[in-house]
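Side-chain atoms are counted along with the backbone in the values below, which use heavy atoms only and exclude waters and symmetry mates. Throughout, residue positions are numbered sequentially from 1 according to the sequence presented.
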Amino acid sequence: MRKLFILIFSFGILGELFAFNQPVTPVNQLPAYYESIDGESGKDLLDAIQQVAKRGYRTDDFRYDSIWYAFKHTDIRPDGYIWEIYSTCVFEYEKDRTSNTSQTGECKGYNREHAICQSWFGEYDLQGKKMSSSKKNSPGSDIFHIYPASYGMNSRHGNRPYGEVLNAANTSENGTKYGTPVTTMSVTNSVAGAYVEGKMTLSTKVLEPADEYKGDIARSYFGTMVKWAGEWVFNLNENGRVIFDATIDVDTHYAADNYYGLTPFGLAMLLKWHRQDPVSQKEIDRNNGIQLTQGNRNPFIDYPYLVEYIWGEKSGQELDLDLLICAYDERFQLGVSDGYLGEKTQVDVDTIFWMVGNIPYDTSYVAHASRLKYLPATPTSCSTQSTHFVGWTSTPILGVNHEAPDVLYNQESDFPSVDGNMYYYAVFAQVLHSEIVGQTITLNKSDSTSWILSGLKHTTNKTDGAYWLLVENATITSPVVDLQSLDSVAITMRSYNKKAIVNITVDGTNYGQLSAANNTMQRYVLSAPEMTGNRALQFTGADATATYGPGLNEIVLYLGGEQGTYTNYLTHCSNSNTGGFSTTIQHSPATKIMRHGQLLINHNGRTYNAQGIPLYSM
């Protein structure tokens, strides 16, 4: 028995050592590694990429159990813990791993999660051969698409598809969402032509990865499905048929006019995610770890622009490898580049962009003097801000003014003569309400003196001008005021993720309760409490389901004065649903380019989409 134990133990150690003796292709040899795909196009290109994706793959000795050992080389964070992409859980590589799939709990341990669900490809390949119990030489053990995941996230994903969440039932700390889906996805410049739109008809919840990992998932899908094309299909489950085409015939399934195996919905979603989240250092390191352990490489990480030659804007065209740069090249900007050196279609237009922090976003509310005649008399109002157009001005409003500009122009009036650098700005008025305008006592981020703050929630991405009340113990207490002189109380509050409620009391007596719906900002004006004496008002969170409780952006106590109209004037719209306005505006000549059918913005050497998300280097 002792000899047998030693033999088994030694075999396990040797097996692990053997798992990590595959050579990793040096960076300077990658172009040669891929030279066999150069000059190919269409289905021939897909077949050539498949051969490269299989090169070095260990068909006989890389098994499902090998994944545990591979994770040590593919999914370890710089701090030594497991890199779990669905949450902020901290897992130790050895201590927290388990094969027990019945475990529950977000951060109780991690297991092996198939991004392409196992039930989608089943136990039999297209030749009828059953997958072995070790799952070797099958998608069941292919680390291209297998990630470490917490019990909770693995269970939540289950056999459901990925998607974009419309209404979240659960949101992880890192931004991963689970809930009811957006049922329509569209993409431009794809294998289907200029535009393709897909609809999800299946009633199911979906898992939406955090933005920083959406490209990772897309390229895992692309690499896995190309590698196993002609041998396996991933549509045996109705959830799988949300992403993968339902046909089984190999020639039909992997054809250009069938999106090379994807549904219109799957094509639109994966291509969108691939473009929005370019290759990162994490993916590069993971790809090297995959070759070290499993023996092969994912071509769509090495050369991400290959996706465009199969499913995107270059589909059907002959590949010129000299126009592509691999993700390891010093010219490749991680998290930004698409890996293409060819000419980009540029549209020379004269425009300016608002700058919110370092992010520009295009606005249709600015006109160069020479182009004013092309503008409608009344531009579209900032509908989310309940505004109306009142005219044009030559001076932008920085932030929000409560008084209209001194000079307003409209289409019927004569605009003054201006030089070529003059711009006009559409002015919008936002009438908030009528209220007492007199002496005020205000709480906001720039003025909190004399207010008592206790137990507030502050995080790097939730402060944004608000004080966040933890439901358990946070309070905001106003200065003591004479209630007989208090005319009204105005409260601007918002929620994060879920509905938030705030209770208002005076000496323990309930004065009012206010609520903000999911991810919205609302402003309330309350009459003074029917009480007398010198007292303080206290504000506390009340809804335990709200992630951060209510966020209070501003509290104003109005102490006498005359009735007046409170109006905001602005020359810009916020692209946020929180009701906030940008405060930094700069002139910034820029170039618009058309890329993947999207209108993109080139500003200071960086490229952004119209929502301000950085995309490609120029």
Legend entry - Y511, OH: over 12 other non-hydrogen atoms inside 6.0 angstrom: yes
Inset, instruction - Assign the ring pair F121 / H114 to parallel, tilted or perpendicular, where the plane angle (0 to 90°) is split at 30° and 60°. - result: tilted
Inset, instruction - Check V279 against E283 and note the closest heavy-atom contact, atom names and distance. - result: CA-OE1, 3.3 Å
Inset, instruction - Evaluate the ring planes of H157 and Y86, with Trp represented by its six-membered ring, and classify them as parallel (under 30°), tilted (30 to 60°) or perpendicular (over 60°). - result: tilted
Inset, instruction - Applying side-chain hydrogen bond (donor to acceptor under 3.5 Å, both in side chains), name anything that partners E84, two or more places apart in sequence or on another chain. - result: S87, S150
Distance-only donor-acceptor hits, side chain of residues 198-205, under 3.5 Å, sequence neighbours excluded:
from : atom 1 : to   : atom 2 : distance (Å)
K199 : NZ     : T184 : OG1    : 3.2

Inset, instruction - Would you name the heavy atoms of N298 and N287 that are closest together and state the gap between them? - result: N-OD1, 2.9 Å
Inset, instruction - Decide, yes or no, whether a salt bridge links E94 with K72 under the criterion of side-chain N to carboxylate O below 4.0 Å. - result: no
Legend entry - ring pair (Phe, Tyr, Trp, His ring centres under 6.0 Å), paired with Y110, selected from F91, W83, Y151, Y81: F91
Inset, instruction - Measure up the F300 and W311 rings against each other and bin them: parallel (under 30°), tilted (30 to 60°), perpendicular (over 60°). - result: tilted
Inset, instruction - For Y124, enumerate each residue passing the side chain to side chain contact (heavy atoms under 4.5 Å, CB included) test, keeping only those at least two apart in sequence or located in another chain. - result: K130
Inset, instruction - Start with the C-alpha gap between N170 and R156, add the side-chain angles, then the distance that decides, and say whether side chain to side chain donor-acceptor pair (under 3.5 Å) holds. - result: CA-CA 9 Å; N170 178 277; R156 204 164 288 136; 3.3 Å; yes
Inset, instruction - Give a yes or no on whether the backbone of T505 and the side-chain of N503 come within a donor-acceptor separation of less than 3.5 Å. - result: no
Legend entry - Whether Y221 and Y162 hold their rings parallel, tilted or perpendicular, with breakpoints at 30° and 60°: perpendicular
Inset, instruction - Check for a donor-acceptor pair, side chain of D142 on one end and backbone N or O of T224 on the other, with a separation under 3.5 Å. - result: no
Legend entry - Minimum side-chain heavy-atom gap W120-P139 below 4.5 Å: no
